[in-house]
Amino acid sequence: QSLLKESGGELVQPGGSLRLSCLVNGLTFENTGVGWFRQAPGKAREGVVCISSKNGDHTNYADSVKGRFTVSRDNVDHTVYLHMTNLRSEDTAVYYCAARIQYYDGTCGELKDDEYSIWGQGTQVTVSS
């Protein structure tokens with residue numbers, strides 16, 4: 001069983017909204033920091049947003065999604081959500097969630113791949129009319 005399971009990706013029109021979910025299994029959720037990354041065809045994987053462990057008081061957004069995407073965590077359901085609004089064609093990508101152990105409530109990191117050791121399988125988001 002995968003430790004991380006993404007869901008919610010689908011085809012959406014430009015300007016539309018989606019909510020992605022990352023269900024975390026087999027980890028102590030309160031000590032798990034989570035990042036969302038994406039990879040478009042022919043491009044390198046890039047960091048989208050991260051949220052710290054505990055109450056998720058610390059977040060870090062890529063400039064390209066600030067004001068449009070919002071990350072949140074539900075410590076009861078062990079799920080991290082990525083709310084995406086005003087979607088653009090350039091948001092089309094496979095979206096991955098990634099996890100790292102974070103015992104302290106501090107910065108969630110710099111949105112770099114090597115900050116995370118556990119990865120999900122990804123979910124496809126396509127923005128097209």
> After noting the C-alpha distance and the side-chain angles of Val24 and Leu3, does the key distance pass the side-chain contact (heavy atoms from CB on, under 4.5 Å) rule?
Replying inline: CA-CA 6 Å; Val24 179; Leu3 293 177; over 6 Å; no
Out of curiosity, [X] [atom1] to [Y] [atom2], how far, rounded to the nearest 0.5 Å?
X	Y	atom1	atom2	value
Ile118	Ile101	CD1	CD1	5.5 Å
Leu23	Thr79	CG	OG1	4.5 Å
Lys112	Glu46	NZ	CD	15.0 Å
Ser53	Asn75	OG	CG	9.0 Å
Cys22	Leu4	SG	CG	4.5 Å

> Which pair of non-hydrogen atoms, one from Phe37 and one from Gly47, has the smallest distance, and what is that distance?
Replying inline: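 Nearest heavy atoms, Phe37 then Gly47: CD2-CA, 3.4 Å.
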> More than 12 non-hydrogen atoms from neighbouring residues, nucleotides or ligands closer than 6.0 Å to NZ on Lys54, yes or no?
Replying inline: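 Yes, enclosed.
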> What do you reckon, is CD of Gln121 surrounded by more than 12 foreign heavy atoms closer than 6.0 Å?
Replying inline: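 No, the 6.0 Å shell around CD holds no more than 12 heavy atoms from other groups.
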Taking [X] for the side chain and [Y] for the main chain, is one N or O donor matched with an acceptor at less than 3.5 Å?
X	Y	result
Thr92	Val127	yes
Thr107	Gly109	yes
Gln39	Ala44	no
Ser64	Ala62	no
Glu115	Ala99	no
Asn31	Tyr103	no

Return all side-chain donor-acceptor pairs below 3.5 angstrom for residues 9-19, not counting sequence neighbours, or 'none' if the list is empty.
none

> Taking the six-membered ring for Trp, are Trp36 and Phe69 ring centroids under 6.0 Å apart?
Replying inline: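 Not under 6.0 Å, so no.
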>> Distance to the ring centre below 6.0 angstrom and angle to the axis at most 45 degrees; does that hold for Arg45 and Tyr96?
In response: yes
> What pairs meet the salt bridge (Lys or Arg N to Asp or Glu O under 4.0 Å) rule with one or both residues in residues 55-73, with sequence neighbours excluded?
Replying inline: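 Every pair satisfying salt bridge (Lys or Arg N to Asp or Glu O under 4.0 Å) with a residue in residues 55-73: Asp63-Lys66, Arg68-Asp91.
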>> Under the criterion side-chain contact (heavy atoms from CB on, under 4.5 Å), I'd like the reasoning laid out for His83 against Ser72: C-alpha separation, chi angles, the key distance, then a yes or no.
In response: CA-CA 8 Å; His83 303 258; Ser72 62; 3.5 Å; yes
Does the side chain of [X] reach to within under 4.5 Å of the side chain of [Y], using non-hydrogen atoms?
X	Y	value
Gln102	Ser52	yes
Val125	Leu20	yes
Trp119	Cys97	no
Phe29	Leu27	no
Asn60	Val49	no
Gln124	Tyr95	no

>> side-chain contact (heavy atoms from CB on, under 4.5 Å) for Val48 and Tyr61? Distances and angles first, verdict last.
In response: CA-CA 6 Å; Val48 176; Tyr61 290 86; over 6 Å; no
>> Hydrophobic clusters here meaning ILVMFWY residues chained together by side-chain heavy-atom distances under 4.5 Å, can you tell me if Val94 and Tyr81 are in one?
In response: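 Val94 does not cluster with Tyr81.
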> When you look at Ser7 and Thr123, which way does the side-chain contact (heavy atoms from CB on, under 4.5 Å) test go after all the steps?
Replying inline: CA-CA 6 Å; Ser7 61; Thr123 185; 5.6 Å; no
